[in-house]
Amino acid sequence: MEQGEGLTALGARVHIFVRPDARERFTALFRDVLLCNVIEREFGLSHPIVLVPFPDGSAFSVEFTELAPEDPAGTTINDEQAFHGAWIEFRTDDVDGHLKKLREAGIREFRHPGSTHVYFSAPGGQVFRLLDVAYKGP
């Protein structure tokens, strides 16, 4: 296969699954701690879908279902316990300010041995990291 015949880009939308018992804590993390716009959309499911749009046109949506993986128990987390599904990367022009807010809110953090970045585990077990909007790298 020649270059350009396969996939060409990552879409501007991610859809994730979180267990219903983590719904309010998960929503509060993005609405109250990270100060994102959080929109509920009704699609006839047991719980409304939550959409978190960003100014660049990208977004992620969350479906709350019992089929989602269990959130690792406890107040701390490490790489071995982290949910090993997709990990999400968010960009901001205030990494230090948002890291401070996450830590003040008690969001679990850990280090992955293959990275210099700190990772966080949202209520529900989703893993994410924050990067500066200008970051270039792996």
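Quick caveat, the model's predicted, so the values are computed rather than measured.
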Measure the CD1-CZ distance between I88 and R129 for me, rounded to the nearest 0.5 Å. 12.0 Å

Ignoring hydrogens and angles, tell me if any N or O in the side chain of R108 forms a donor-acceptor pair with the backbone of P72 under 3.5 Å. yes

Quick one, D32 and K101 - any side-chain contact, counting heavy atoms below 4.5 Å? no

What about V127 and V52, same hydrophobic cluster or not, with Ile/Leu/Val/Met/Phe/Trp/Tyr joined at side-chain heavy-atom distances under 4.5 Å? no

Could you tell me whether the side chain of F110 reaches within less than 4.5 Å of the side chain of Q81, counting heavy atoms only? no

Between atom CG of D132 and atom NE2 of H98, what is the distance when rounded to the nearest 0.5 Å? 12.0 Å

Check: F17 main-chain N/O paired with Q126 side-chain donor or acceptor under 3.5 Å: yes

Any chance you could measure E89, atom CD, to Y135, atom OH, to the nearest 0.5 Å? 7.5 Å

Once rounded to the nearest 0.5 Å, what's the spacing between atom NE2 of H47 and atom CD of E40? 11.0 Å

L130 vs L102 side-chain heavy atoms within contact, under 4.5 Å: yes

Please name the pair of heavy atoms, one in D79 and one in H112, separated by the smallest distance, quoted to 0.1 Å. OD1-ND1, 2.7 Å

Check for me, please, whether Y119 and L34 land in the same ILVMFWY cluster - side-chain distances under 4.5 Å, paths through other members count. no

Given R31, which of L29, V33, L35, T27 fulfils the side-chain contact (heavy atoms from CB on, under 4.5 Å) condition? T27

ILVMFWY network linking V18 to F128, side-chain heavy atoms under 4.5 angstrom: yes

Looking only at heavy atoms, the pair that brings D71 and S121 closest together is OD1-OG, 4.4 Å

Once rounded to the nearest 0.5 Å, what's the spacing between atom CG of D21 and atom CZ of F64? 10.5 Å

Do the non-hydrogen side-chain atoms of L99 and R103 ever get within less than 4.5 Å of each other? yes

Please find out if less than 6.0 Å separates the ring center of F90 from that of F30. yes

Treating Ile, Leu, Val, Met, Phe, Trp and Tyr as nodes and any side-chain heavy-atom pair under 4.5 angstrom as an edge, say whether I77 and V118 lie in one connected cluster. no

Is any side-chain heavy atom of F26 less than 4.5 Å from a side-chain heavy atom of I16? yes

How many angstroms lie between CZ in F54 and CZ in R91, if you round to the nearest 0.5 Å? 12.5 Å

At their closest point, which heavy atom of L51 faces which heavy atom of A59, and how far apart are they? CD1-CB, 3.8 Å

Are any side-chain N or O atoms of R19 and backbone N or O atoms of E66, one a donor and one an acceptor, separated by less than 3.5 Å? yes

Which atoms form the tightest heavy-atom contact between R111 and T116, and what is the distance? NH1-O, 2.8 Å

State, to 0.1 Å, how close S115 and H117 come at their nearest heavy-atom pair, and which atoms those are. OG-N, 3.0 Å

